[in-house]
Amino acid sequence: METLESALSLLLSHTKPIGRVEEVTLLDALGRVAAKDILSPMNVPPFDRSPLDGYAQRSADIAGASRENPRTLRVVGEVCAGSGEVFFPGAGEAVRVMTGAQIPDGCDCVIRQEDTDEGMEQVQIYAELSHRQNICFCGEDVQAGSLIVRAGERLTSAHIGVLASLGVTRVSVYGRVRAALLCTGDELVQPGSPLTRGKIYDSNHAALCARLAEMGVEVRALESERDEPEHVAGALCQAAKDADILLTTGGVSVGKKDIFHQVLPLMGAKRLFWKVALKPGSPLLCALYGDKLVICLSGNPFAALCCFELFAKPVIACLAGDRGVVNPRVHAKLSGGFPKKSPGRRLIRAFFDGERVRLTGENHSSGSLFTMIGCNCLIDIPAGSGALSDGDDVEILLL
Ligand code: AMP
Ligand code: MG
């Protein structure tokens, strides 16, 4: 049987980035993975500018100035942010400048207006400044030619802002990963239709569609299928034509209706492994259909979502060309406890507040979905552990 780690590396060894590249507008690039390094085409700010309201002048002209011993300069003009007026002040002259104004040629410092008499024709300066004091220099935020985005980085609102400051309007990004999702089970009814005896609402479909959408994946959500192997195999083969990965839920255990042991051979898919030493989701079944991975998750809602995070998420990140996805592991102290023994390795849902970790509720069975709400990490309990007590050190996997 595979371990979490061996199963994941097996899946990743069969995964390579899809590599489709497209050019999108700057705002459409949010959340996408950059396909190329982006170097800055310019300096930001593009000119030396004033960080405050005051007067620009030569520092040599105000050496030794103080309230008791002010220097008087002739004011030859005024520049506001963006006003674009040009002045060439000489020795003994100053230009009134507002925040954001381009520094006039010949000036090498800006005195804040609070340290002057705020004069209009001439100004009294009450303090001295050093060469280049109180100036935001051309390129001090971003230098022309510097690396702004690395290929494989997922673009955040901060990247978008910086790229806008460089005048960039279009970005090369990798195409979205296309995932086909098919949930199976005779008992499934879609929300909106009445439940009859023995039926339940299909929550995996919605939960996984939502999760995939959060990850920026293009979801081809197939209609959920009954436990009929030929139908399911046919639907998956059809969906594979324009999907990069196939995801299913239900039917992977050992029961009479665990149809995927038939579905995969019917598709002509090659099984990679069945079962991982892990609770929940131990019957995870994975296969290759051509060069596409088929990840068959258990139908139990927590098992499906948990194994999605552990296995499908890193695979999808790799397909997307995204180099930044890992589930970081940290140690934390447990608040409260967990009464069950863990003969095998077990993952339970929890909330980590940056210091301590606590369970998100009482019911941690793999069929329970409710305690997924508020879950931002999984506690990774090693095989052979006893009950957990308040204050125990536990290893958690941040989601
Ligand atoms: P299975 O993996 O098909 O053996 O299903 C395991 C458990 O998960 C059963 O109790 C199913 O009724 C339930 N289940 C299967 N698929 C879904 C689904 N799409 N939504 C909610 N529960 C499901
Ligand atoms: Mg089933």
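In what follows, residues are counted from 1 in the order of the sequence shown. Just follow the structure's listing: the first ligand is 1, and inside any ligand the first atom is 1.
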Visitor: Check Arg211 with Glu309, please: is the shortest side-chain N to carboxylate O separation under 4.0 Å?
Guide: yes
Visitor: Among Val76, Val95, Asp48, exactly one meets side-chain contact (heavy atoms from CB on, under 4.5 Å) together with Pro104. Which residue is that?
Guide: Val95
Visitor: I need the single residue from His131, Arg132, Gln133 that forms a side-chain hydrogen bond (donor to acceptor under 3.5 Å, both in side chains) with Asp108. Which is it?
Guide: His131
Visitor: Would Arg345 and Glu5 pass as an ion pair if we require N to O under 4.0 Å?
Guide: yes
Visitor: So, are Asp244 and Arg178 salt-bridged, with charged N and O less than 4.0 Å apart?
Guide: yes
Visitor: Might you list the protein residues in contact with ligand 1, defined as having a heavy atom under 4.0 Å from one of its atoms, sorted by chain and number?
Guide: Thr184, Glu187, Leu188, Ile200, Tyr201, Asp202, Ser203, Asn204, Gly250, Gly251, Asp258, Ser298, Gly299, Asn300, Pro301
Visitor: Count the heavy atoms belonging to other residues, nucleotides or ligands that lie under 6.0 Å from CD of Gln143, then report whether that count exceeds 12.
Guide: no
